[in-house]
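Hydrogens, waters and symmetry mates are skipped; everything else that's a heavy atom, side chains included, is used.
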Amino acid sequence: MADAETILAQAEHNGVNFVNQLVASKKMTAGEVADFASQTFGYPLIDINALDPSTLPYELIELRLIVEQGILPLSRRGGHLFVALSDPTNQEVLDKIRIMTSLIIDPIVVEDDKLQKFINRIADERDISLKNLGGQDLELAFAEETETPAIEMGSEVDDAPVVKYLQKILLDAINADVSDIHIEPYEKNLRIRYRMDGVLYEVSQPPLAIKDKIAARIKVISRLDISEKRVPQDGRMKLVLSKSRAIDFRVSTLPTLFGEKIVLRILDPASATIGIDALGYEPEHKQLLLDAIGRPDGMILVTGPTGSGKTVSLYTCLNILNGEDINISTAEDPAEINLPGINQVNVNEKAGLTFATALRAFLRQDPDVIMVGEIRDLETADIAVKAAQTGHLVLSTLHTNDAPSTLTRLINMGVAPFNIASSIHLITAQRLARRLCQCKRPVDIPANVLISAGFIEEELGSWQPYGPGGCDVCKQTGYKGRIGIYQVLPVSEEMSRIIMRSGNAHDIADQARREKILTLRQSGLRKIKLGITSLEEVLTHTNA
């Protein structure tokens with residue numbers, strides 16, 4: 001019951017229906033939800049992939065309603081209209097269709113993931129632009145936030161084909177779960193690439209002649225200086241998909257030899273509310289993390305390279321803590337996702353608002369929990385440590401290779417060993433590995449290769465390793481989505497003594513082994529045994 005209430009709250013927050021959020025939370029598969037809904041409500045269950053899209057009576061329901069509400073007209077017989085949907089509890093939309101068509105509505109249950117793909121394909125084929133989906137064009141998403149509405153800023157970018165093409169690029173990226181869009185001009189061609197599951201793929205080569213128009217269009221709606229092409233610029237823009245859902249993009253421009261390269265980072269609020277279970281923590285690691293964030297004070301550090309999911313991990317912890325009785329403040333550079341109920345501050349070093357300045361201000365704001373986007377210098381580290389020692393829970397990130405080296409990195413920055421030992425309670429190092437798609441296949445790997453990777457000889461033969469296959473779902477890559485690989489290191493009393501003696505990372509790593517703390521590689525090997533990822537992915541992202 002508690003899980004259902006949590007999922008319902010997340011669904012309302014993300015602007016999706018209950019079934020969408022339930023499937024996204026991985027509590028039930030789309031097929032299991034459809035079977036349960038069919039049996040509970042007594043509605044027929046069909047496989048929507050068996051239908052011919054060209055025979056459906058789209059004219060009976062507005063296309064915007066089809067896309068926004070996730071419903072689909074199947075057929076009309078006399079005064080009855082058969083409608084496919086994944087959430088039979090959505091009586092509001094059924095009533096709306098009944099009034100709109102003056103027909104008796106007969107619901108048909110279908111699997112949520114298949115329905116969404118079917119609708120997306122229809123929308124793409126019928127060329128549904130973002131203006132049709134959201135009720136307003138991209139430029140208007142910022143009309144209320146800027147003194148000069150973007151629509152008035154430079155008519156040179158008011159080019160319908162360019163607008164239409166850019167909208168398609170953005171919408172396709174969102175539908176494909178892309179994390180970054182790269183728009184790259186070269187001497188003889190313009191290239192568009194998507195980063196999916198951590199890997200870049202080329203998706204398009206539009207005419208080189210439109211490179212300046214695309215750059216200008218993006219800069220206008222991101223409130224950047226359209227006339228400045230000699231220095232990098234950073235901004236944000238918003239894509240309104242419906243009245244209840246919008247996607248933010250972080251925009252970065254870079255002058256290159258042949259024009260401005262633009263990278264758009266997709267910031268989907270749904271990624272911050274996926275729940276701790278979906279991150280991929282081992283059960284014992286999850287409990288250690290929950291115990292640490294349940295403490296009233298101390299510091300929790302999340303480490304790893306850029307793109308390893310540190311921000312999502314921190315946001316997940318903040319969402320768990322977020323309540324009306326907790327005062328949470330964050331200093332970020334920049335704040336990637338808006339979290340209702342949390343006081344988020346964007347660092348602005350040009351204006352003098354550094355991490356250290358923000359931290360000092362937080363301590364005068366009666367905080368319970370403080371999140372620092374990154375500890376970059378001694379001043380920030382010192383204030384964060386003192387905050388953790390004076391009754392505040394502090395969460396932050398650091399760029400190190402593993403958990404033991406984090407402690408020595410702080411010592412090298414100049415933080416006193418005593419302060420480190422008394423303030424830091426938990427360190428998490430993490431990587432993101434690609435998750436095998438449902439088309440995964442068994443593979444034969446020589447025993448010596450498995451042993452060199454870190455497996456014990458005695459455990460070989462008791463499980464089956466899998467590798468990537470290839471299907472339409474994963475675009476023939478064999479991988480779909482990513483899973484976290486974690487090293488969770490609670491700072492024990494013995495480790496505190498090692499820190500006090502100014503021990504190095506090797507000393508701490510040796511103590512971690514004695515305490516049976518899994519390394520990143522060992523955590524990855526567990527994922528291989530469970531068939532979640534492949535040996536190649538673990539070897540790529542972890543060291544022995």
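- From Q522, atom CD reaches atom CD1 of I456 across 8.5 Å, with rounding to the nearest 0.5 Å.
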Please walk me through it: do V488 and L426 pass side-chain contact (heavy atoms from CB on, under 4.5 Å)?
CA-CA 7 Å; V488 179; L426 186 81; 3.6 Å; yes
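- Side chains of S313 and Y486 form a contact here, defined as non-hydrogen atoms less than 4.5 Å apart.
- In this structure, the side chains of L170 and L264 come closer than 4.5 Å at one or more pairs of heavy atoms.
- Under 4.0 Å is where a charged nitrogen must lie from a carboxylate oxygen, and between R360 and E379 at least one such pair does.
- Of all heavy-atom pairs spanning Y315 and L339, the tightest one is CD1-CD1, 3.7 Å.
- A 4.5 Å side-chain heavy-atom check between H541 and L432 finds every atom pair outside the cut-off.
- Looking at Y479 and S534, their side chains do bring a donor and an acceptor atom within 3.5 Å of each other.
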Please determine whether side-chain hydrogen bond (donor to acceptor under 3.5 Å, both in side chains) holds for the pair Q287 and D291, giving the CA-CA distance in whole Å, both sets of side-chain angles, and the decisive distance to 0.1 Å.
CA-CA 6 Å; Q287 193 55 51; D291 290 343; 2.9 Å; yes
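- The closest side-chain donor-acceptor pair between Q511 and D507, if any, does not fall under 3.5 angstrom.
- A cation-pi arrangement, defined by a distance under 6.0 Å to the six-membered ring centre and an angle within 45 degrees of its axis, is absent between K286 and Y281.
- Annotation for V251 and L224: closest pair CG1-CD1, 4.3 Å, computed over non-hydrogen atoms.
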Working for side-chain contact (heavy atoms from CB on, under 4.5 Å), residues L363 and L359
CA-CA 6 Å; L363 294 176; L359 267 174; 5.7 Å; no
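- Between the side chains of E494 and S492, no donor-acceptor pair of N or O atoms lies under 3.5 Å.
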Stepwise salt bridge (Lys or Arg N to Asp or Glu O under 4.0 Å) test for E282 and K527
CA-CA 9 Å; E282 302 294 335; K527 300 279 191 302; 3.0 Å; yes
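- More than 12 heavy atoms of other residues, nucleotides or ligands lie within 6.0 Å of CG in N412, so this atom counts as buried by the packing criterion.
- Judged purely by distance below 3.5 Å, without hydrogens or angles, the side chains of T316 and N319 never pair a donor atom with an acceptor atom.
- The shortest side-chain heavy-atom distance between D248 and M237 does not fall under the 4.5 Å cut-off.
- A salt bridge does not link K480 to D197: none of the charged nitrogens lies less than 4.0 Å from a carboxylate oxygen.
- A donor-acceptor distance shorter than 3.5 angstrom exists from the side chain of K310 to the backbone of G304, with no hydrogens or angles considered.
- More than 12 heavy-atom neighbours from other residues, nucleotides or ligands sit within 6.0 angstrom of CD on Q464.
- Between P465 and I445, the shortest heavy-atom contact is CB-CD1, 3.9 Å.
- To the nearest 0.5 Å, atoms CD (Q233) and CD1 (I262) are separated by 9.5 Å.
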Derivation and outcome, side-chain hydrogen bond (donor to acceptor under 3.5 Å, both in side chains), residues Q487 and S523:
CA-CA 7 Å; Q487 179 186 27; S523 179; over 6 Å; no
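- Using a 3.5 Å distance cut-off with no hydrogens or angles, the side chains of S329 and Q365 do not pair a donor with an acceptor.
- Under the 4.5 Å side-chain criterion, counting only non-hydrogen atoms from C-beta, C474 is in contact with C439.
- Salt-bridge check for E349 with R376: passed, with a basic side-chain N closer than 4.0 Å to an acidic carboxylate O.
- Put simply, the side chain of T533 gets close to the backbone of R434: a donor and an acceptor are under 3.5 Å apart.
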With side-chain contact (heavy atoms from CB on, under 4.5 Å) as the test, would you mind laying out the steps for T253 and K261 before giving the verdict?
CA-CA 6 Å; T253 71; K261 173 179 177 178; over 6 Å; no
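- Taking each heavy atom of I266 and A173 in turn, the nearest pair found is CD1-CB, 3.9 Å.
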Extract all donor-acceptor atom pairs below 3.5 Å that involve side chains of residues 383-393 and protein atoms in other chains or at least two apart in sequence.
unit_1, atom_1, unit_2, atom_2, d
Q389, NE2, N419, OD1, 3.1
Q389, NE2, S422, OG, 2.8
T390, OG1, K386, O, 2.9
T390, OG1, A387, O, 3.2
T390, OG1, H392, ND1, 3.3
H392, ND1, A387, O, 3.0
H392, ND1, T390, O, 3.4

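- Atom CG of residue L395 and atom CD1 of residue I300 lie 4.5 Å apart, to the nearest 0.5 angstrom.
- The main-chain N or O of L200 is never found under 3.5 Å from a side-chain atom of R193 such that the two would form a donor-acceptor pair.
- Side-chain contact between I517 and P490 is present, with at least one heavy-atom pair separated by less than 4.5 Å.
- Looking at residues two or more places apart in sequence or on another chain, you find no ring pair (Phe, Tyr, Trp, His ring centres under 6.0 Å) involving F362.
- Counting only distance, with no hydrogens or angles, the side chain of N343 and the backbone of I328 share a donor-acceptor pair below 3.5 Å.
- Between V33 and D112, every side-chain heavy-atom pair lies at or beyond the 4.5 Å cut-off.
- In this structure, CE in M413 is found 12.0 Å from OG1 in T408, a value given to the nearest 0.5 Å.
- The closest donor-acceptor contact from the side chain of E32 to the backbone of T29 lies under 3.5 Å.
- Looking at heavy atoms from C-beta onward, L398 lies out of side-chain contact with I427 at the 4.5 angstrom threshold.
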Show, in sequence, the C-alpha distance, side-chain angles and deciding distance for Q430 and T428, and conclude whether the side-chain hydrogen bond (donor to acceptor under 3.5 Å, both in side chains) test is met.
CA-CA 6 Å; Q430 65 182 70; T428 296; over 6 Å; no
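- The six-membered or imidazole ring of Y194 lies away from that of Y201, with a centre-to-centre distance of 6.0 Å or more.
- Counting only distance, with no hydrogens or angles, the side chain of D297 and the backbone of D368 share no donor-acceptor pair below 3.5 Å.
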Could you check L460 against I451 for side-chain contact (heavy atoms from CB on, under 4.5 Å), going step by step and ending with a plain yes or no?
CA-CA 9 Å; L460 300 183; I451 292 172; 3.8 Å; yes
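- E515 contributes no side-chain N or O that, together with a main-chain N or O of A512, makes up a donor-acceptor pair within less than 3.5 Å.
- Judged by distance alone, with hydrogens and angles left aside, the side-chain atoms of S396 form a donor-acceptor pair with the main-chain N or O of V372 at under 3.5 Å.
- Side-chain atoms of T542 never come within 3.5 Å of backbone atoms of L539 as a donor-acceptor pair (strictly under, hydrogens ignored).
- Taking a cutoff of 4.0 Å between a charged side-chain nitrogen and a carboxylate oxygen, E284 and R526 qualify as a salt bridge.
- Checking side-chain atoms of R431 against main-chain N and O of V538 turns up no donor-acceptor pair under 3.5 Å.
- The CD1 atom of I293 sits 5.5 Å away from atom CG of L289, with the distance rounded to the nearest 0.5 Å.
- Residue L518 holds its CG atom at 12.0 Å from CD1 of I485, rounded to the nearest 0.5 Å.
- The shortest non-hydrogen separation linking A381 to I375 is CB-CG2, 3.6 Å.
- For the pair T400 and S405, the tightest heavy-atom approach, listed with the atom from each and the gap, is CB-OG, 3.7 Å.
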